[in-house]
Amino acid sequence: MKFGTKVIHAGINPDPGTGAVMTPIFQTSTYAQDAPGQHKGYEYARTQNPTRSVLEQNLAALEEGRFGICFSSGMAAMDSVMKLLSPGDEIISTNDLYGGSYRLITKVYGKFGIKAHFVNMSDTAEVKARINDKTRLFWIETPTNPMLNIIDIEKTCALAREHGILSCVDNTFASPYLQAPLTLGADMVLHSATKYLGGHSDVVHGAIVVRDEKLAEQLYFIQNAAGAVPGPQDCFLVLRGIKTLHLRVERACQNAERIAHFLNGHPKVSKVYWPGFPSHPGHETAKKQMRHFGAMVSFVLKEDQYAAAEKVLSNTHLFTLAESLGGVESLIGHPASMTHASIPREERLKVGLTDSLIRLSIGVEDVEDLIEDLENALK
Ligand SMILES: *Cc1c(COP(=O)(O)O)cnc(C)c1O
């Protein structure tokens, strides 16, 4: 099955009881048993829910995996991966990681004796140099947020495998339409389904997809034991969002390309980060592992100060000033004070995340209107 068919059909069948074409929202906490232990595969809704099962199967197919495991948020999904580790284990991750992921690794798991090294993961040699006999996990995010650096998934995951290290790719920014990390050697793929998968800024949800049955068993165990499960209504919303994933991401990528070129030629802009430019250091890798270059664009103003950024941020009308990304509507954000406020300023500046850096999540509106909106705000 090709991608555009999978989003609509994979794991999804009309409800056997009623023929309902749309997967019903099974809003129940428990299920009747015929005799003790005799049930239809569903006992208690933390452990199993039919709406969630359909979504888990659909996600597994989209990511070219075998098992999908859903959570109440992207962070809850990541938290479950972290629970695979033990005190003394070490992680290697990227130095411009999503702020919430950085916070979970350092502030929550740091005190349980898990040590993390944050390096420039675009450089495989830097990653290799940090490997020791305690390294258990590579945490990869590509494209990175908000600098849009590209990490070579195939090379980095091969390095992990060579050393018996687990690898997890946060595929939130690309979506499974653009990039399939499991086919490139990753052990786990993670999504904040809050973003492109849900796609309509109306739900918070997370998921992991894997191929290995043992790993899946461990993650299902954690899902049930810790209980950060999504409700059935949230699963329904993600399922409904996924049906147009390919159409939305395709259009958003086309819009992003136009906007990246518009900003690149603008007199008030000093730098545009978008992996589609041949001058972008990760361009060739992006071309190799992604279908398009994504719908996220970041840029820095010539007047590299917060006050200048603030003027742009408060003067757009179509671009809404808000956290998050990946919805049908375009958003504008200021990582230094919003999504990445939990990262110390000197750490931010080291990776180029300056005070005037603005991040755009491009939606599916008419691109001429979006460009006009940015033009006016920059004026
Ligand atoms: C939003 C996001 C997360 C966290 O997901 P939530 O659903 O907000 O918990 C993790 N990684 C990336 C790249 C994100 O953008």
Side-chain angles (χ1 to χ4, degrees), residues 1-27 41-42 45 47-74 76-77 80-81 168-183 186-213 215-217 219-220 223-224 228-250 291 326-328:
M1 232 189 261
K2 295 239 181 340
F3 195 89
T5 311
K6 274 191 204 168
V7 293
I8 292 158
H9 293 290
I12 301 168
N13 293 300
D15 177 50
T18 61
V21 168
M22 292 308 303
T23 307
I25 300 166
F26 285 91
Q27 192 76 52
Y42 296 92
T47 322
Q48 314 101 346
N49 176 281
T51 317
R52 190 174 95 204
S53 307
V54 170
L55 175 58
E56 287 177 337
Q57 286 168 41
N58 184 256
L59 285 169
L62 295 190
E63 281 291 0
E64 308 276 350
R66 290 174 59 212
F67 307 96
I69 309 110
C70 287
F71 296 91
S72 54
S73 70
S80 300
V81 175
C168 183
V169 176
D170 184 335
N171 204 22
T172 301
F173 258 46
S175 90
Y177 177 63
L178 297 185
Q179 170 173 290
L182 296 180
T183 66
D187 294 311
M188 295 172 267
V189 175
L190 176 131
H191 278 285
S192 166
T194 314
K195 318 294 168 55
Y196 288 102
L197 293 174
H200 295 75
S201 308
D202 53 9
V203 62
V204 171
H205 185 106
I208 304 167
V209 179
V210 302
R211 285 182 168 175
D212 182 73
E213 190 163 359
L215 194 52
E217 268 169 25
L219 290 165
Y220 283 126
Q223 180 196 39
N224 182 51
V229 294
Q233 165 105 6
D234 290 353
C235 294
F236 172 86
L237 286 170
V238 176
L239 267 170
R240 126 97 81 132
I242 285 173
K243 288 180 200 297
T244 53
L245 178 69
H246 54 315
L247 306 173
R248 288 184 285 106
V249 176
E250 184 76 38
R291 197 194 292 254
V328 288

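Predicted model, so just to flag it, every value in this text is computed and none were measured. Throughout, numbering of the chain's residues begins at 1 and tracks the sequence.
You'll find the side chain of L239 reaches within 4.5 Å of the side chain of N58, heavy atoms only. Side-chain contact between Y220 and E217 is absent, with no heavy atoms from C-beta onward closer than 4.5 Å. Side-chain contact between H200 and R248 is present, with heavy atoms from C-beta onward closer than 4.5 Å. Counting heavy atoms from C-beta outward, S80 and I69 have side chains that stay 4.5 Å or more apart. Proximity of P176 to L197: side-chain heavy atoms (C-beta onward) are separated by under 4.5 Å at one or more points. Using a 4.5 Å cut-off on side-chain heavy atoms (C-beta onward), C235 and N49 make no contact. Residues L62 and V209 are not in side-chain contact: their nearest non-hydrogen atoms beyond the backbone lie 4.5 Å or more apart. No side-chain heavy atom of H205 sits less than 4.5 Å from a side-chain heavy atom of L237.
Between A76 and A228, the closest heavy-atom pair is CB-CB, 3.7 Å. In terms of heavy-atom proximity, V203 sits nearest to G198 at CG1-CA, 4.4 Å. Contact record, E64 with A180: CG-CB, 4.3 Å, taken as the closest heavy-atom pair. Considering all non-hydrogen atoms of both residues, T172 and Y196 come closest at O-CD1, 3.3 Å. Looking at every heavy atom in both residues, V204 comes nearest to T194 through CA-OG1, 3.4 Å. For the pair R211 and G65, the tightest heavy-atom approach, listed with the atom from each and the gap, is CG-CA, 3.9 Å.
Rounded to the nearest 0.5 angstrom, S175 OG and K195 NZ are separated by 13.0 Å. Atom-to-atom distance recorded for F71:CZ and L190:CG is 9.0 Å, nearest 0.5 angstrom. The CG atom of L59 sits 12.5 Å away from the CZ atom of R52 when rounded to the nearest 0.5 Å. With rounding to the nearest 0.5 angstrom, the CD atom of E63 is 9.5 Å from the NZ atom of K6. In this structure, I208 CD1 and F67 CZ are separated by 13.5 Å, a value rounded to the nearest 0.5 Å.
Remark: A174 engages P143, N171, L178, Q179, M290 in a side-chain contact (heavy atoms from CB on, under 4.5 Å) (not counting sequence neighbours).
A cation-pi geometry, defined here as NZ or CZ lying under 6.0 Å from the six-membered ring centre and within 45° of its normal, holds between R291 and Y177.
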Kindly indicate, with the supporting measurements, whether the criterion side-chain contact (heavy atoms from CB on, under 4.5 Å) is fulfilled by F3 and L245. CA-CA 10 Å; F3 195 89; L245 178 69; 3.8 Å; yes
Criterion side-chain contact (heavy atoms from CB on, under 4.5 Å) on V7 and L247, from CA distance to verdict: CA-CA 10 Å; V7 293; L247 306 173; over 6 Å; no
side-chain contact (heavy atoms from CB on, under 4.5 Å) between H246 and K2, worked out: CA-CA 11 Å; H246 54 315; K2 295 239 181 340; over 6 Å; no
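Within 6.0 Å of the CZ atom in R240, the count of heavy atoms belonging to other residues, nucleotides or ligands does not exceed 12.
Sorted by first and then second residue, the salt bridge (Lys or Arg N to Asp or Glu O under 4.0 Å) pairs involving residues 198-209 (not counting sequence neighbours) form an empty list.
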List the atom pairs, donor and acceptor, that lie under 3.5 Å between side-chain atoms in residues 8-27 and the rest of the protein, sequence neighbours left out.
unit_1 : atom_1 : unit_2 : atom_2 : d
D15    : OD2    : T18    : N      : 3.3
D15    : OD2    : T18    : OG1    : 2.8
T18    : OG1    : A20    : N      : 3.1

